[in-house]
Undergrad: 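Sharing a structure here in structure tokens format.
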Protein chains: 2
Amino acid sequence: MDIEAALKRCPLFSGLEDREITEIEAISASKRYPKGTSIFSEDQEAKGFFVVISGRVKIYKLSPEGKEQILHIISPGQTFAEAALFDGSTYPAFAESLAETRVLYFPKESFVNLIRKNPQMSLNMIASLSHWLREFVSLVEELSLKDVSARLSQYLMDLSAQSGRSSERGIEFKLDISKSQLASQLGTISETLSRALRKLRDRRIIEVEGKKITILQKDALEEISLGIPL
Amino acid sequence: MDIEAALKRCPLFSGLEDREITEIEAISASKRYPKGTSIFSEDQEAKGFFVVISGRVKIYKLSPEGKEQILHIISPGQTFAEAALFDGSTYPAFAESLAETRVLYFPKESFVNLIRKNPQMSLNMIASLSHWLREFVSLVEELSLKDVSARLSQYLMDLSAQSGRSSERGIEFKLDISKSQLASQLGTISETLSRALRKLRDRRIIEVEGKKITILQKDALEEISLGIPL
DNA sequence: CCATCGGTTTGATTTAGGTCAATTTTAGGT
DNA sequence: ACCTAAAATTGACCTAAATCAAACCGATGG
């Protein structure tokens, strides 16, 4: 994807004039990260924020024993670390590229100035932060109040809604990340995820072939995602 | 606390002129909730947001089986539900008064207009949302990566830092909520919290007398909060 | 074509923490 | 001060999920 296209479909910059987009592009720097590169670390000074142009970035926390909790996976057109610029002076988590990734980097100073001068961008930023907040509320809910099967089912429902195609057997789609990364996003480990997938498969609710998932019984999957016991 | 004082110490309105504060007060409505009253429910249409003048409000989620996860407890001078106005059309959680509570209520329409017209308020709002976001990151981290003892220890450390007074034995303070509410804030249940407190007491790290806590070994408590096993 | 190295699956076992039930303590209302 | 109801504690038990260990893919590069 080219830079201008990515900026234009980024919610943070929506509703802006072309000349404003150009101005924005001017204060940014393009950066490239090979797969598996650290973009920043927890507690590092937050000197800027990022827009993903291509590739994927995971934002995550680590426990002292090394267990990983993915907070979010950022796709092209999405921003990350913007909140770190406005509260505290450090990044609150780690960021690492999941694939070869291109980003635009906006240094704190010039970006904050931009926001100050541009009321539309302030409102976009408020909307974007509010959206993030709702996602986190939902993540907390899932981690605290739902079991692994329910979290997995919810994830499959969401993914099928956004990228599923219906076939003869049911709704079909591909997992967009590895299963161990998925485990870490669901707040569990690969072994447990593997067993949860197997349970769904044994009950003929889904089919699994590598990364390809077919949902055979959408209603059953939804019930499980709502916490009706397996 | 009187209304103007509460507004003035509310971060959302900081840096505003007195006449602006007056204007803000004009679009708000004062409401009163006896202890234990529902202020709004999850999925209810978000028609406005709130500033707490006096009392306390808990924001929480419920599982289908009725387990409660407190997301935040709001104290005087703090706002809540502001994000709901800018993303989606419903409240993402429940809100209930923990004590006799006075709030100012701002209808969505007029508040959004206010924000649009007032760049300083936009920036305050961005700061406030960013701050919430950081808190949620930390909540997710604790729920997913730390055990109950670590979460409890962290909570006690935080509370002692903001309201502790040092005595001969150690740092002394009072829990600001009931233990069952604390359990629900830590993502556990009262029985488990009770046992976690007992373990700390048995090891002479803290003393507990009702709501009064004395931290005897701050360093040990900190280690536990960081996840060094008990 | 084979060796290799993640990622994945499976089984056996352990454990933190939730559930259930009974008791004790505390706090608010009259 | 007393009575009741809610909150807190304790014990016995159970379960979901983590841990440990081993085997099993499937892609990648020599």
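Only heavy atoms go into these numbers, but all of them, side chains included; no hydrogens, no water, no symmetry mates. Lettering of chains follows the sequences in order, A, B, ..., and the numbering in each one begins at 1.
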Undergrad: What residues, two or more places apart in sequence or in another chain, satisfy side chain to side chain donor-acceptor pair (under 3.5 Å) together with Q217(A)?
TA: none
Undergrad: Which residue pairs satisfy the ring pair (Phe, Tyr, Trp, His ring centres under 6.0 Å) criterion with at least one member in residues 53-78 of chain B, sequence neighbours excluded?
TA: Y60(B)-F94(B), H72(B)-W132(B)
Undergrad: If the test is ring-ring contact (aromatic ring centres under 6.0 Å, His included), which one of F49(B), F50(B), F80(B) qualifies with F106(B)?
TA: F49(B)
Undergrad: Determine the sole option in R56(B), R32(B), K35(B) for which the salt bridge (Lys or Arg N to Asp or Glu O under 4.0 Å) test with E100(B) is passed.
TA: R32(B)
Undergrad: To the nearest 0.5 angstrom, please state how far the NZ atom of K199(B) sits from the CZ atom of R195(B).
TA: 10.0 Å
Undergrad: Considering only heavy atoms of chain B and a distance under 4.0 Å, specify the first and last nucleotide of DNA chain D in 5' to 3' order that meet this criterion.
TA: dA8(D) to dA12(D)
Undergrad: By the definition ring-ring contact (aromatic ring centres under 6.0 Å, His included), identify the one residue from Y105(B), Y33(B), Y91(B) that meets it with F40(B).
TA: Y91(B)
Undergrad: Which parts of nucleotides 5-20 of chain C does protein reach within less than 4.0 Å, heavy atoms only, written one letter per nucleotide 5' to 3' as B for base, S for sugar-phosphate only and - for none?
TA: ---SSBBB----SBBB
Undergrad: So does L216(A) get a backbone contact from the side chain of R169(A), meaning a donor-acceptor N/O pair under 3.5 Å?
TA: no
Undergrad: Taking only residues two or more places apart in sequence, or in another chain, which ones meet R165(B) in a salt bridge (Lys or Arg N to Asp or Glu O under 4.0 Å)?
TA: none
Undergrad: Mark yes when over 12 heavy atoms from residues, nucleotides or ligands other than K108(B) sit less than 6.0 Å from its NZ; otherwise mark no.
TA: yes
Undergrad: Over the length of the helix from dC1(C)-dG30(D) to dT30(C)-dA1(D), how much do the five-pair end axes diverge, rounded to 10 degrees?
TA: 50°
Undergrad: Hey, are D158(B) and Q154(B) close enough side-chain-wise for a donor-acceptor pair under 3.5 Å?
TA: yes
